[in-house]
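Everything quoted here is computed from the prediction, not taken from an experiment. We're numbering straight along the sequence, starting at 1.
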Amino acid sequence: MIKHYFKLAWNKKRANFLVMVEILAAFLVVFGVATLATYSTNNYRQPLGYEWNDVWVVQVVPPNTRSGSVSSSGTPDPKAPDPVEIARIEKIRQMMAAIREIDGVEIVSAANSPAFGNSANTHNHTINGKRIAYEVDRVTDAYQDVMKLRIVRGRWFSKEDDGVEFRPAVISQNAAEDWFPGEDPLGKTISHPEEPGPPQRVIGVISAFRKNGEFSSPPNFVFERARLDVTNRRNWAPNWLVLRVRPGTTAATEEQVIRRLQTEGKDWSFEIQRMDRLREEANRPYQILLTGASVLAGFLLLMVGLGLTGVLWQNVTQRTREIGVRRAQGATIRDIYLQILGELLFLTTFGVFIGVLIVIQFPILKFIGFVPNGVYLIGIGVSLAAIYLLTLLCGLYPSWLATRVQPAAALHCD
């Protein structure tokens, strides 16, 4: 039977080639959408690693002034603290103290790159022959309580880190598993050997921290400690204040926060946002992408379906004599039905076989390294099911028309 299908396909190779190209294109598009949807769904089901409810963020923008410390010779001294930076750190401390006094504000922290924000600070270097790439945020000690981070090993920053001779760091669990597989990450050094200053060591591990929202994959993440200490040159004034407020806190409290900040920093500018709104903005591009890709795939499948139905319909009309002769020789309605559907599934198999050969290269060559192999396999499975279901549906009516051909109809065909 397969030999017969192959002979029929070869006799009409030009028309069948176009059908197979349509099937191949539909398979590739469905594969892309299915893989994207599976990857996004898997990410969305994973915990964020923090709680965004009842959290506000305030961007603080200082006056646009810069200066440098000057040595006795009159030239800038790179080793001395920057007086402008010292003033900014002190002002931030005053602002945080003022906000804590507002009714409804529970905890206040500071950060350089809060969750769902557009800013990001990335590091990339090599340690012991291994490439270390991660995102980093510098935060104050209260940040864990504000965001309700979950410690899985070690501890968070505290006052006991004030006198240590290293820079404490808290890393995400996936970073610990990636950088130190099978080892205890606590006490490990993650700073570059040639980086000036004391080494950076791991004191704690938190659960995966997905800064950019539910649809994003968890990056390797490192939290550094910001002491807001004017005597420590390695610290600098953060750009954001992060507040946890009591549930149900209204916009009136937002106005109080802004007024207190404007009182403390008359020349500064401020913008306050609720983290739930930032979350919606961060997730919106993913939702638009998924919706657009789904609409595109649906439109393409519709076009392919209409094309297949038309080709089969024409094919049945042109093969009236052949079908009538088969009926005259004793072929049943079921035989005719299976013949038409079998030919269509044969062409479909050729098209999807080429598609599978193409997409199987993605996991083999690590074309998109952050996508797990299991996601590709699900994408292939969903695509195969969708294409075969489409071809079966498209072949139902033309196959039914073929079964209506009577043996006598062959005598009236030229």
Which pairs, with at least one residue in residues 285-312 and sequence neighbours excluded, count as a salt bridge (Lys or Arg N to Asp or Glu O under 4.0 Å)? none
Any salt bridge (Lys or Arg N to Asp or Glu O under 4.0 Å) pairs touching residues 38-54, not counting sequence neighbours?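 Only E51-K148 qualify under salt bridge (Lys or Arg N to Asp or Glu O under 4.0 Å).
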Just to verify, what does [X] make a side-chain contact (heavy atoms from CB on, under 4.5 Å) with, not counting sequence neighbours?
X	value
R260	A98, E101, I102
D162	K159, R225, R227
V57	P114, W240, V242, Q273, M275, L278

Tell me, please, which residues at least two apart from [X] pass side chain to side chain donor-acceptor pair (under 3.5 Å).
X	value
R244	none
E264	none
E214	R279, N283
R153	D184

Show me the pairs that pass ring pair (Phe, Tyr, Trp, His ring centres under 6.0 Å) and involve residues 194-220, at least two apart or across chains. Y44-F215, Y50-F209, F209-F221, F209-F223, F215-Y286
Pair listing, ring pair (Phe, Tyr, Trp, His ring centres under 6.0 Å) test, anchored in residues 157-191, at least two apart: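 Sorted result for residues 157-191: Y134-W179.
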Which residue pairs pass the side-chain hydrogen bond (donor to acceptor under 3.5 Å, both in side chains) test with at least one member in residues 344-357, sequence neighbours excluded? T349-Y388
Go through the side-chain N and O atoms of D178 and N220 and say whether any donor and acceptor fall under 3.5 Å apart.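 Yes, N220 and D178 have a side-chain donor paired with an acceptor closer than 3.5 Å.
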